[in-house]
Amino acid sequence: YHGLPLDQASRQVDSLRTLTTLYSWLIGFGAPLSVIPVASMIGLLLVLAGVVVGSVLLFSYWHYIQESHPQASPSEYWDNIKHYRPRTTPLKSVGFHFIPLFNVYWYFVSFWGLSLDMTRYIHERNKDIRPPDSRLSLWFCILMIIPLLAVVLVLGSLFSSNALEGMESFEEMMNTNATMLGLQVFNALVSLIAYVVSIFMFRDFSRAVSEILMAEPVKPRPKYSHLAILIACCIGGIVLLFFILLMLVILFVASTGVPG
């Protein structure tokens, strides 16, 4: 069936490359700065901007591997739906990331699932395209949830010690700050590794999607992706900020102890 003109597909590829490069620079500079005390605010702002750009990219990736565009003939459209059905929609792939705790599971759906669905999309169309490396997305998902698991395990261990040894022993242990400092250093290192992996992961996704567009330029550019993603990021950012503040309050109370 008739797809987009090749020059329009080329413009879409250029847009993906530009966004991918921007993401790499924002995360590449922001992630290291975010762990330096004197530059942490600048680093966090750069990382936040990188998250917005990454959300737009993620939305675009899922958009380009959805079922055939309605311009396809009925037989081709229903044949593609019969053999291929993506596991989520572009908007869900981004929006569900801002649901606290549920996003731990959703990392695997939106990133690792993307690599699996994209590979299936390529193979079922017999395209001579190298699929994305699913190991990158899998490692990224694992690295992103390790800091959360570490916090849960450490807090669980400390509160268990408090229950067994009494409040005085707990306060004495927390006053050394060694446990919390070690946790912060560990989480910072794991997060840095995760950000580095994400750069290679996004570049690999963009390369695969660019080859898909050049081989089968049938998908129009997402018309509302930027606006939808920005709105989702703003709403989700408020919810995520509240959750982070709540965790900080819990950590503060745990470190100072509650008078009984």
**Q** Is there a side-chain contact between Trp62 and Thr89 (heavy atoms, below 4.5 Å)?
**A** no
**Q** Shortest non-hydrogen contact from Ser55 to Val94?
**A** O-CG2, 3.5 Å
**Q** Does atom CZ (Arg207) have a neighbourhood of more than 12 heavy atoms from anything else shown, all under 6.0 Å?
**A** yes
**Q** In chain order, what residues pass the side-chain hydrogen bond (donor to acceptor under 3.5 Å, both in side chains) check against Asp14, with sequence neighbours excluded?
**A** none
**Q** Mind telling me whether Trp112 and Phe108 have parallel, tilted or perpendicular rings, with 30° and 60° as the class edges?
**A** perpendicular
**Q** Determine whether more than 12 heavy atoms belonging to other residues, nucleotides or ligands lie under 6.0 Å from atom CG of Leu148.
**A** yes
**Q** If I compare all heavy atoms of Tyr121 with all of Gln66, which pair ends up nearest, and what's the gap?
**A** CE1-O, 3.8 Å
**Q** Under the side-chain hydrogen bond (donor to acceptor under 3.5 Å, both in side chains) rule, what do Ser115 and Ser137 come out as? Steps first, then yes or no, please.
**A** CA-CA 7 Å; Ser115 65; Ser137 55; 3.1 Å; yes
**Q** Do Leu26 and Leu48 sit in the same hydrophobic cluster, where Ile, Leu, Val, Met, Phe, Trp and Tyr count as joined when their side-chain heavy atoms come under 4.5 Å apart?
**A**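 No, Leu26 does not connect to Leu48 through the hydrophobic network.
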**Q** Does the gap between the ring centers of His97 and Tyr107 come in under 6.0 Å?
**A** yes
**Q** Can you name the nearest heavy-atom pair linking Gly50 to Ile27, along with the distance?
**A** CA-CD1, 4.0 Å
**Q** Is there a side-chain contact between Ser110 and Phe96, using heavy atoms and a 4.5 Å cut-off?
**A**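 No. Closest side-chain heavy atoms not under 4.5 Å.
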**Q** Would you say Ile42 and Trp25 are hydrophobically clustered, going by side-chain heavy atoms of ILVMFWY under 4.5 Å?
**A** yes
**Q** So which atom in Ala208 and which in Ile129 form the shortest heavy-atom distance, rounded to 0.1 Å?
**A** O-CG2, 4.2 Å
**Q** Measure the acute angle between the ring planes of Tyr23 and Phe202, then classify it against the limits of 30° and 60° as parallel, tilted or perpendicular.
**A** tilted
**Q** For a quick test of reading the model, state the closest non-hydrogen atom pair linking Leu16 to Ser210 and the distance between them.
**A** CD1-OG, 4.1 Å
**Q** Quick one, Ser93 with Tyr61, criterion side-chain hydrogen bond (donor to acceptor under 3.5 Å, both in side chains). Give me CA distance, side-chain angles, the key distance, then yes/no.
**A** CA-CA 10 Å; Ser93 69; Tyr61 298 151; over 6 Å; no
